[in-house]
Amino acid sequence: MENYTQTSTDFILLGLFPPTRIGLFLFIVIVLVFLMALFGNLSMILLIFLDTHLHTPMYLLLSQLSLIDLNYISTIVPKMAYNFVFGNKSISFIGCGAQSFFFLTLGGAEALLLISMAYDRYVAICFPLHYSIRMSKKVCMLMITGSWIMGSINSCAHTAYAFHIPYCRSRTINHFFCDVPAMLTLACMDTWVYEYTVFVSTILFLVFPFICITSSYIRVLLAICRMQSTEGRKKAYSTCSTHLTVVTFYYVPFAYTYLRPRSLRSPTEDKALSVFYTILTPMLNPIIYSLRNKEVMGAMRRSIQRACFVKM
């Protein structure tokens with residue numbers, strides 16, 4: 001057994017990797033993924049900000065997605081890396097609360113932002129003549145603001161509850177970040193009421209948006225089938241398949257993790273599923289949206305040409 005020094009209010013995060021060569025290899029992979037996510041999301045934010053061709057609702061929403069992902073992965077990986085490298089797995093009570101708050105805020109905001117992006121594509125393909133009215137910059141800003149506010153409110157409620165219940169057992173959390181459901185196993189009181197609220201929040205922030213997105217894409221696919229232009233169909237298919245890929249990687253593991261009752265959950269499986277929506281998705285989003293998007297690639301070429309012209 002490993003011995004940890006901790007104060008009475010500290011928690012212990014067991015982490016994601018064992019202290020072995022395989023664990024070291026996986027740790028290096030995660031660090032590389034983290035660096036790719038930082039570079040990719042920062043590049044998307046700067047590219048959309050600097051290129052006027054991308055100052056549209058679709059790319060404004062995409063820049064917000066990159067901003068959320070940038071903060072999302074930065075909330076989880078640096079602390080996990082620090083603990084692995086220095087062998088100090090403790091996290092303070094305040095630090096754990098802050099990590100939990102930002103994780104839930106950013107996770108909720110991203111879940112709602114993805115449904116806004118799906119609505120944007122739905123209007124663009126099914127109601128192109130009404131697009132400028134239904135997706136004006138004002139509407140877009142309201143969607144973004146609403147996503148952040150709703151995510152923050154949900155996060156405040158869950159974090160406040162989780163850090164006001166008594167923990168009278170071991171303070172060792174079998175996870176690589178302060179995930180509230182994992183912390184509840186340490187509580188010395190019945191938490192069935194709170195588990196019910198987690199279930200309700202999962203329905204509102206994950207299941208309901210996923211159903212709405214799926215419904216909108218059914219309508220979009222029907223509209224695509226009626227398109228006369230082959231080029232238009234290809235562009236629509238590319239855009240929609242890109243968004244659907246992101247949605248699947250994010251919603252499905254997240255919802256599966258939080259909808260299962262405690263009796264059917266295992267720490268190992270929870271940690272493996274968490275990797276998808278906390279680490280892999282923030283890295284994949286900019287890759288998927290840039291490499292499969294001609295407008296983004298065009299903006300990237302223009303930026304490179306401008307940079308080369310300035311140097312000359």
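Just so you know, these numbers use all the heavy atoms, side chains as well, and skip hydrogens, waters and symmetry mates.
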Contact list for residues 132-148, test salt bridge (charged side-chain N to carboxylate O under 4.0 Å, His left out), sequence neighbours left out: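 Applying salt bridge (charged side-chain N to carboxylate O under 4.0 Å, His left out) to every pair that reaches into residues 132-148, excluding sequence neighbours, yields nothing.
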
Residues Y251, L114; criterion side chain to side chain contact (heavy atoms under 4.5 Å, CB included); working and verdict: CA-CA 10 Å; Y251 282 107; L114 287 172; 3.6 Å; yes

Determine whether the aromatic ring centres of [X] and [Y] lie less than 6.0 Å apart.
| X | Y | value |
| --- | --- | --- |
| F176 | F84 | no |
| F249 | Y277 | no |
| F199 | Y258 | no |
| Y250 | F254 | yes |

Give, for atom [atom1] of [X] and atom [atom2] of [Y], the distance between the pair rounded to the nearest 0.5 Å.
| X | Y | atom1 | atom2 | answer |
| --- | --- | --- | --- | --- |
| N285 | I288 | CG | CD1 | 6.0 Å |
| F27 | M80 | CZ | CE | 7.0 Å |
| N41 | M283 | CG | CE | 10.5 Å |
| E110 | W148 | CD | CH2 | 10.0 Å |
| F177 | L16 | CZ | CG | 10.5 Å |
| C212 | Y122 | SG | OH | 11.5 Å |

Evaluate the side-chain proximity of [Y] to [X]: yes if any heavy-atom separation is below 4.5 Å, no if none is.
| X | Y | answer |
| --- | --- | --- |
| I173 | I12 | no |
| L47 | S63 | no |
| P267 | H175 | no |
| V220 | C126 | yes |
| S215 | I211 | yes |
| L61 | L65 | no |

Tell me whether the count of non-hydrogen atoms from other residues, nucleotides or ligands lying under 6.0 Å of [atom1] in [X] goes above 12.
| X | atom1 | value |
| --- | --- | --- |
| F276 | CZ | no |
| F208 | CZ | no |
| F34 | CZ | yes |

Minimum heavy-atom distance [X]-[Y], with the two atoms named:
| X | Y | result |
| --- | --- | --- |
| F101 | S152 | CE1-O, 4.1 Å |
| C140 | L60 | SG-CD2, 3.6 Å |
| L259 | I203 | CD2-CD1, 4.1 Å |
| L186 | T172 | CD2-O, 3.5 Å |
| N88 | N83 | O-OD1, 2.7 Å |
| K79 | S90 | NZ-O, 3.1 Å |

Trace of the side chain to side chain contact (heavy atoms under 4.5 Å, CB included) decision for L32 with V29: CA-CA 5 Å; L32 292 175; V29 171; 5.6 Å; no

Shared hydrophobic cluster, [X] / [Y] (ILVMFWY, side-chain heavy atoms < 4.5 Å):
| X | Y | answer |
| --- | --- | --- |
| I73 | L26 | yes |
| F17 | I22 | yes |
| I28 | I30 | yes |
| I287 | V33 | yes |
| L67 | I149 | no |

So, the side chain of [X] versus the backbone of [Y]: is there a donor-acceptor pair under 3.5 Å, distance only?
| X | Y | value |
| --- | --- | --- |
| T214 | F210 | yes |
| S216 | I213 | yes |
| S201 | V198 | no |
| H158 | L104 | no |
| K89 | L13 | no |
| S100 | D179 | no |
| T159 | C156 | no |
| H130 | V123 | no |
| Q99 | T75 | yes |

Stepwise side chain to side chain contact (heavy atoms under 4.5 Å, CB included) check, T278 with F103: CA-CA 9 Å; T278 60; F103 164 72; 3.7 Å; yes

Pair S92-D10, side-chain donor/acceptor within less than 3.5 Å: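 There is no such pair between these side chains.
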
Residues Y59 and D120: side-chain donor-acceptor under 3.5 angstrom: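 No pair is found: no donor N or O on one side chain lies under 3.5 Å from an acceptor on the other.
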
Salt bridge (Lys or Arg N to Asp or Glu O under 4.0 Å) involving D270 - partner list, sequence neighbours excluded: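 Expected list: R260, R265.
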
Y82/F86 under ring-ring contact (aromatic ring centres under 6.0 Å, His included): CA gap, chis, key distance, verdict: CA-CA 6 Å; Y82 176 86; F86 294 98; 4.8 Å; yes

Derivation of the side chain to side chain contact (heavy atoms under 4.5 Å, CB included) call for L112 and F205: CA-CA 7 Å; L112 296 178; F205 280 84; 3.7 Å; yes

